[in-house]
Amino acid sequence: MTSFLAVLTIVAVAAITPGPNNFIVMSASLRGGVAAALPAIAGVIAGSIALLVLVWAGAGTLFEMVPEIQPVLRVAGAAYLIWLGFCLIRKASGPDGGSDDQALPATAWGVASFQLLNPKSWVLVVTAVSAVSGTLIGAVSLAVTFVAVMGLCLTIWSVAGKLISRWLLDRRSRRMFDTAMGVLLMGSAVLLLP
């Protein structure tokens with residue numbers, strides 16, 4: 001029971017704190033409300049479940065056997081996040097302002113695939129799997145936890161996006177917001193590097 005509470009806490013903290021998944025969900029909500037963020041939320045959850053299956057099926061063991069894979073994955077993921085942040089900042093400082101929606105994955109499939117490059121997702125899943133038994137019951141309980149906790153936390157981010165969308169109608173406010181999101185995204189990527 002103690003390990004389940006620890007995993008629940010880890011998942012909740014990872015899902016609610018700012019990161020690329022939250023920014024993608026918030027961006028979708030800014031464009032079209034909470035309903036428009038549902039595919040992004042589904043993509044984050046589906047991608048996380050796919051990572052869970054990969055780690056449970058042996059990717060975690062592969063990381064232990066070939067530890068050189070972890071830094072490569074971390075650097076590639078961080079580089080991608082830095083690029084996304086740069087795109088947001090570049091677009092915000094351009095003549096049109098606004099976010100660079102083409103930089104962020106927009107479809108459920110794109111967001112789910114993005115989880116493979118998201119270092120925060122890998123760290124979360126590997127940590128969660130290592131905290132529970134390697135049994136099928138442990139993997140299923142993690143999957144249920146991911147769906148419930150991530151779904152709730154990402155919904156909160158989508159509601160926050162909807163609530164601030166009126167403020168972001170002003171071009172100057174939108175530029176400031178997108179610049180801040182780009183800087184935060186780049187900062188979160190840098191924090192993931194060793």
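Because the structure is a prediction, the values reported are computed rather than measured.
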When you compare the side chain of Phe177 with that of Arg172, does any pair of heavy atoms fall below 4.5 Å?
no

Are Val34 and Ile45 connected, step by step, through hydrophobic side chains (Ile, Leu, Val, Met, Phe, Trp, Tyr) whose heavy atoms are closer than 4.5 Å?
no

Give the table of side-chain donor-acceptor pairs shorter than 3.5 Å for residues 155-162, with sequence neighbours excluded, one pair per line with atom names and distance.
residue: Thr155; atom: OG1; partner: Gly151; partner atom: O; Å: 2.6
residue: Trp157; atom: NE1; partner: Ile16; partner atom: O; Å: 2.9
residue: Ser158; atom: OG; partner: Thr155; partner atom: O; Å: 2.7

Close side-chain approach of Leu117 and Trp122, heavy atoms under 4.5 Å:
no

Output the distance between atom CD1 (Ile10) and atom CG (Leu5), rounded to the nearest 0.5 Å.
11.0 Å

If you define the side chain from C-beta out and look only at heavy atoms, does anything of Val111 sit under 4.5 Å from Thr107?
no

Between the side chains of Arg174 and Asp178, is the shortest nitrogen-to-carboxylate-oxygen separation below 4.0 Å, so that they form an ion pair?
yes

Heavy-atom check, side chain of Met186 versus side chain of Leu88, under 4.5 Å
no

Do Leu152 and Leu52 sit in the same hydrophobic cluster, where Ile, Leu, Val, Met, Phe, Trp and Tyr count as joined when their side-chain heavy atoms come under 4.5 Å apart?
yes

Identify the two heavy atoms, one from Pro39 and one from Ala36, that lie closest to each other, and give their separation to 0.1 Å.
CD-O, 3.4 Å

From Trp56 CH2 over to Leu51 CG, what is the distance, rounded to the nearest 0.5 angstrom?
15.5 Å

Is it true that Leu30 and Met176 fall in one hydrophobic cluster, defined by side-chain heavy atoms closer than 4.5 Å?
yes

If I take atom CE from residue Met26 and atom CG from residue Leu168, how far apart are they, to the nearest 0.5 angstrom?
8.5 Å

Between Leu154 and Ile164, is there shared hydrophobic-cluster membership here, with clusters defined by ILVMFWY side-chain heavy atoms closer than 4.5 Å?
yes

Under the side-chain contact (heavy atoms from CB on, under 4.5 Å) test, residues paired with Leu184 that sit two or more places apart
Phe23, Met181

Nearest 0.5 Å, what's the CD1-CD1 distance between Ile82 and Ile89?
10.5 Å

To the nearest 0.5 Å, how far apart are CG in Leu169 and OG in Ser165?
6.5 Å

Determine the minimum heavy-atom distance between Cys153 and Ala12, stating which atoms define it.
SG-O, 4.0 Å

Quick one: ring-ring contact (aromatic ring centres under 6.0 Å, His included) partners of Phe114, sequence neighbours excluded?
Tyr80

Please check: side-chain N/O of Asn22 versus main-chain N/O of Gly19, any donor-acceptor pairing under 3.5 Å?
yes

Does the side chain of Met150 come within less than 4.5 Å of Ile41's, by heavy atoms?
no

Ser48 side chain reached by Val44 side chain, heavy atoms, under 4.5 Å
yes

What's the spacing between Gln115 CD and Ser113 OG if we round to 0.5 Å?
9.0 Å

